[in-house]
There are 2 protein chains.
Amino acid sequence: MSGAMVTRSRSEELLFLTDEQLRQGIELMFFAYRDLTSEPDEILAVQGYGRAHHRAIHFIKRRPGITIAGLLAILKVTKQSLNRVLRQLIDDGFVESTPGQEDRRQRLLRLTAKGEVLESAVSNVQRDRLRRAYSEAGPEAVAGFRKVLERMIDPDMRATALNLVGDDIA
Amino acid sequence: MSGAMVTRSRSEELLFLTDEQLRQGIELMFFAYRDLTSEPDEILAVQGYGRAHHRAIHFIKRRPGITIAGLLAILKVTKQSLNRVLRQLIDDGFVESTPGQEDRRQRLLRLTAKGEVLESAVSNVQRDRLRRAYSEAGPEAVAGFRKVLERMIDPDMRATALNLVGDDIA
DNA sequence: GATTTATGTCAGCGTTATTGACTAATCGCA
DNA sequence: TGCGATTAGTCAATAACGCTGACATAAATC
């Protein structure tokens, strides 16, 4: 009889997830995300740029040679929204767009030297914050942090989020 | 001589935080935050509401009786921005605003019964997602998740984020 | 009584996102 | 070869949401 009790899964065993605990987790995400993005926002505001530019620069840095379609799939915004931002970045010389070799309809996006400088300035403050948090929390906490975040992401985006796809494709 | 080596702090001992690791952490935050907020956004869009309404409803639910100033301090937006959102929520009967008893200049904000229903619908999908992630990742991962997030938040907002202040004040 | 504080409101602006419609170049296949 | 699908770029209109500045009102505090 008591045997039935010990067949509980690990999640049932130790996790009693109250409303309060979950709400607190949601708030932690809200505050952490806001503070993680506030400093980059300020730096980019000087150029007249916003968070949309930040996101584009970030993913072009991470996936040089990414196509428009690839960027659209990651950002999940419309073509029109992305186009305005990209137009500015290209016109201002931060991003270069070259036709694909195999498929010449595609536009392959890369940061220019100027773009690398801007990206670096922006991502430095962000990485400093995360590095500090990681260091203070310790390696085991970092592993847990990553584990939970991964599982919060829609399954179909997890591979993308973890860079399990090639660096130069979408 | 070797004694000097073992006095390294825990963070120096095991954490070799590469650029790549940190950038991946930043992306995890981006994807997780987006997916955590996308479903609530869709639900609220039916009412013609957006994320700003969601945030207001969330914090009024969590801190019933909060003042305008308290909400402004948490959300870090301007009075004018918040007012537009709050005006709609009050006019539509989701939020009630009553003068403070001690300080009658203050407006104490609470959800109405109708507001509770909306809040519940919205927060349910969000809590379901987080509960699933917590369960799959396990208790230790959850502890690490919380630990890192706390340390990402600006120090002056940590107490607020962790609800270390009274529920009915700011 | 004068000042400060808490709140509300008006007008205007900019960014970022949306939808819809359309063009142009290129690719792939029948 | 030619037609449909794909990739990208663009124009126009709309909306949410943030901002600044200016101003009004009521109430608390000194």
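Scope of the values below: all heavy atoms of this structure, side chains included, with no hydrogens, waters or symmetry mates. Letters go in sequence order (proteins before strands), and every chain restarts at 1.
A parallel orientation is assigned to the rings of Tyr33(A) and Tyr33(B), their planes being inclined by less than 30° (bins at 30° and 60°).
Within 4.0 Å of Asp103(B), counting heavy atoms only, lie sugar-phosphate atoms of the nucleic acid but no base atom.
A close approach under 4.0 Å does not occur between any side-chain nitrogen or oxygen of His53(A) and OP1 or OP2 of dT15(C). Side-chain N/O atoms of Thr78(B) include none lying less than 4.0 angstrom from OP1 or OP2 on dG18(D). Taking side-chain N and O atoms only, Arg84(A) has no distance below 4.0 Å to OP1 or OP2 of dT15(C). For dA26(D), neither phosphate oxygen OP1 nor OP2 lies less than 4.0 angstrom from any side-chain nitrogen or oxygen of Arg104(B). When the side-chain nitrogen and oxygen atoms of Arg107(B) are compared with OP1 and OP2 of dG8(C), one or more of them lie within a distance under 4.0 Å. Put simply, Ser81(B) has no side-chain N or O that comes within less than 4.0 Å of OP1 or OP2 on dC17(D).
With hydrogens and angles ignored, no donor-acceptor pair under 3.5 angstrom links the side chain of Gln80(B) to the base of dG12(C). A donor-acceptor contact under 3.5 Å links the side chain of Arg105(B) to the base of dT5(C).
Whole-Å rounding puts the Glu102(A) CD to dT6(D) C1' distance at 16 Å. Computed from coordinates, the Lys79(A) NZ to dT19(C) P distance equals 12 Å when rounded to whole Å. For the pair Arg34(B) CZ and dT16(C) P, the interatomic distance rounds to 17 Å; values are reported in whole Å. Following rounding to the nearest Å, Asp91(A) (CG) and dG9(D) (P) show an atom-to-atom distance of 12 Å. As a whole-Å value, the separation of Asn83(B) CG from dA6(C) P is 16 Å.
The Ala52(B) side chain lies nearest to dC17(D) when the options are dC19(D), dC23(D), dC17(D).
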Step-by-step salt bridge (Lys or Arg N to Asp or Glu O under 4.0 Å) determination, Arg87(B) to Asp91(B) = CA-CA 6 Å; Arg87(B) 188 74 267 137; Asp91(B) 288 348; 3.4 Å; yes
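Toward the 5′ end of DNA chain C lies the nearest nucleotide of Ile68(B), the other residue of the pair Ile68(B) and Val77(A) mapping further downstream. When the nearest nucleotides of DNA chain C are assigned to Gln101(A) and Gln106(B) by heavy-atom distance, the more 5′-ward of the two goes with Gln106(B).
In this model, a donor atom of one side chain and an acceptor atom of the other lie less than 3.5 Å apart for Arg51(A) and Thr37(A).
A pairwise comparison of heavy atoms in Met152(B) and Ala32(A) identifies CE-O, 4.0 Å as the closest pair. When every heavy atom of Val85(B) is checked against every heavy atom of Ala56(B), the shortest pair comes out as CG1-CB, 4.3 Å.
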